Amino acid sequence: MSFEHPNRSGENIRDVEREIMKRPPEHNRTNLDLDRMNMMVDLLGNPQDSFRVIHITGTNGKGSTARMAEAICRSYGMRTGLYTSPHLEKINERIAIDGQQLSDDDFIDSWDQIKDLVALVDRKMEQENKPPMSFFEVLTSMAIWKFADAPVDVAIFEVGMGGAWDATNVMDADAAIIGPVDMDHMQWLGDTVEKIATEKSGIIKPGCTAIIGRQPHAEQVMPILEAAAKRNNATLVRDGEEMEVVSRVPAVGGQMATLRTPEGEYRDVPIAKFGEHQAHNALAALAAAETVIPVNGQLDQDLVDEALGSVKVPGRIEQVRTSPTIIVDGGHNVNAAQSLRAAIEENYSFQQLVGVVAMMGDKQVEEYLGVLEPILSEIIVTENSWRDRVMPVEDLEKIAVRVFGPDRVTVIKDLPDAIQAAVDKVDAEDDLGVGYGHGVLICGSFVTAGDARTLLTEHMAADLAKPKAERVNPPVVSPEDANDAGKTADTADAADTDGKPETDDVINEILNAGEEGLKFTIDARTLGNTDKPAGNTSGTSNA
């Protein structure tokens, strides 16, 4: 980091984000290789070799598992780096050190440190008639450089897509976690689970510990993963064999589970997330932490309990409001829908649950909705802010009608209005006015989840931040001052090149009614990420 001159050019985080995210997506069919990343880490001096690595792939559960593994390592006093995707609200979320996402200045400084090298790689690729670095390759390079510069003891990397050709695969993992392998991103990874498993097995490197989660298609997938482990002389740790979830019971705010790993048994571990799948994610994270934490034998259970009991995963079966209950989930494939449904059935007793759904056009939409149909009273179909990829509401309506029938489907194009309508529906049925048994589920995409979180996050009223004297006796504004203020505002609006409000301005326009209910004074245009470029401002293609 440039400690003497952090963000020395005074750049704005939104401008830097746009500069990075306007680059090609990571799944361009012409860049499914590691040529650009290998050149970049060579230019950087191979900083990825300076820390231990936990590398995580799988169709679902990567982000949760990554955060759990990071928390356990940090509980032991190790300095940690965490790289996840997609981000829900702000690009800084992707890179964290010691559990704290990079500040705006740190993120900008990391970009400043590598952008000249990015230009060199782009120039070399152009000479070879190859594409420039993708936005995900740039962000991965920033994370690697930042972690080495910190320096961290262990870095936990979530794969963007696949495994073998993913930008994160320039690293040789100490622990390679492969979660459930299912059908998703078929246009890039293959149209069978066998092909997808082969891609994901690419993160298993010579001499590593290969940690294999529960597989919904075990008969087809396990032989491929086991063969990759054998080929690389990797230590194999499989869920259900070398490790297992011995028992689990739901608890307030999550669950308690007894977990057995190759190093021992951890009894009644608190896990601050709902769903059986999260117990298995915790198991994989624990086995990976045992691999990289420099102690012999079983880890200290008190430290493990503290770590796993404190992990929060934004946008993954996340309850963001009560009275009525509002749950946000970014899962977008069939496996994610199954986990979501199971968690809701196990932990909630809804008499009425209204779904608010916006999905991307390249997903298995009908299958996803079919899984959730039994738990939803009705569904409101809508659109999220990524206009280039979101399924048009008219097309989503046709599919929803096939699954739910016309009487249970409502169309509201703008997400804020859709959420408000869902809240109104459950409030109308809540005779007691306490919200028990009535809820709203907002789901279908990480972009949808991020938009919803932006809209639903509670903020202190701006007036409360003023000194008491100003609130009681506001300053008198003369007509001349008012005119000057108007001119200043006009100038600021003109300087906003895209004509959209800044995120902070957007937040200040959101009225939060707390436990009393929910009212919006904005429309979809006020979301901070309405101008997502082709690359995807909200994340990788895991939308």
Side-chain angles (χ1 to χ4, degrees), residues 1-9 11 13 15-28 30-55 79 81-85 91-92 94-97 102 105-174 202-203 205-206 535 540:
M1 175 181 175
S2 305
F3 286 107
E4 301 86 352
H5 306 287
N7 191 12
R8 54 191 177 275
S9 301
E11 297 173 89
I13 185 68
D15 293 335
V16 171
E17 178 178 1
R18 285 175 179 148
E19 185 173 358
I20 294 171
M21 303 305 289
K22 70 183 180 184
R23 305 182 72 84
E26 86 281 19
H27 49 69
N28 186 321
T30 62
N31 69 354
L32 302 185
D33 57 54
L34 293 175
D35 293 350
R36 290 155 303 284
M37 282 302 300
N38 283 328
M39 183 177 177
M40 173 56 78
V41 294
D42 282 345
L43 290 170
L44 291 171
N46 291 297
Q48 76 279 8
D49 295 334
S50 66
F51 42 75
R52 296 182 179 93
V53 173
I54 296 175
H55 200 183
R79 193 159 205 210
L82 177 65
Y83 180 62
T84 58
S85 60
I91 197 170
N92 314 42
R94 292 170 177 258
I95 305 174
I97 293 177
L102 297 190
D105 283 348
D106 277 348
F107 186 89
I108 292 167
D109 187 73
S110 297
W111 166 240
D112 285 342
Q113 293 292 310
I114 73 160
K115 65 182 180 182
D116 290 340
L117 299 180
V118 171
L120 283 176
V121 174
D122 287 349
R123 193 173 303 125
K124 177 65 173 176
M125 292 299 109
E126 184 179 9
Q127 291 170 0
E128 298 179 2
N129 293 317
K130 294 181 178 180
M133 292 189 73
S134 70
F135 76 84
F136 190 71
E137 288 170 332
V138 168
L139 290 167
T140 303
S141 301
M142 289 171 61
I144 292 172
W145 176 250
K146 188 65 180 177
F147 294 160
D149 188 54
V152 302
D153 301 307
V154 59
I156 298 90
F157 278 83
E158 176 186 347
V159 164
M161 184 191 296
W165 49 259
D166 187 78
T168 60
N169 208 31
V170 290
M171 291 169 295
D172 292 333
D174 296 272
I203 73 166
K205 299 296 181 63
T540 71

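It should be emphasised that the depicted structure is a prediction, and the values quoted were computed from it without experimental measurement.
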Would the distance check show the side chain of [X] and the main-chain N or O of [Y] forming a donor-acceptor pair, the cut-off being under 3.5 Å?
X: D122; Y: M133; result: yes
X: Y83; Y: A155; result: no
X: K130; Y: K124; result: no
X: R79; Y: A150; result: yes
X: D109; Y: D105; result: no
X: N169; Y: A164; result: yes

Is there a side-chain contact between [X] and [Y] (heavy atoms, below 4.5 Å)?
X: M125; Y: P131; value: no
X: L102; Y: M142; value: no
X: I144; Y: V170; value: yes
X: D112; Y: V16; value: no
X: I108; Y: I13; value: yes
X: Q48; Y: V53; value: no
X: E128; Y: D35; value: no

Taking all atoms of both residues into account, what is the closest heavy-atom pair of [X] and [Y], and its distance?
X: N38; Y: V41; result: O-CG2, 3.4 Å
X: S85; Y: F136; result: OG-CE1, 3.9 Å
X: M40; Y: I114; result: CE-O, 4.4 Å
X: P25; Y: S134; result: O-CB, 3.6 Å
X: A143; Y: F157; result: CB-CE2, 4.2 Å
X: L82; Y: F147; result: N-CZ, 3.3 Å

Can you measure from [atom1] ([X]) to [atom2] ([Y]) and round to the nearest 0.5 angstrom?
X: K115; Y: L120; atom1: NZ; atom2: CG; value: 13.5 Å
X: L43; Y: D116; atom1: CG; atom2: CG; value: 11.5 Å
X: D172; Y: R52; atom1: CG; atom2: CZ; value: 15.0 Å
X: L34; Y: E137; atom1: CG; atom2: CD; value: 8.0 Å
X: L139; Y: R23; atom1: CG; atom2: CZ; value: 10.0 Å
X: I20; Y: F107; atom1: CD1; atom2: CZ; value: 4.0 Å

Step by step, work out the side-chain contact (heavy atoms from CB on, under 4.5 Å) result for M21 and I91.
CA-CA 10 Å; M21 303 305 289; I91 197 170; 3.9 Å; yes

Around E19, counting heavy atoms of other residues, nucleotides and ligands shown, do more than 12 lie under 6.0 Å from its CD?
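More than 12 heavy atoms, drawn from other residues, nucleotides or ligands, come within 6.0 Å of this atom.
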
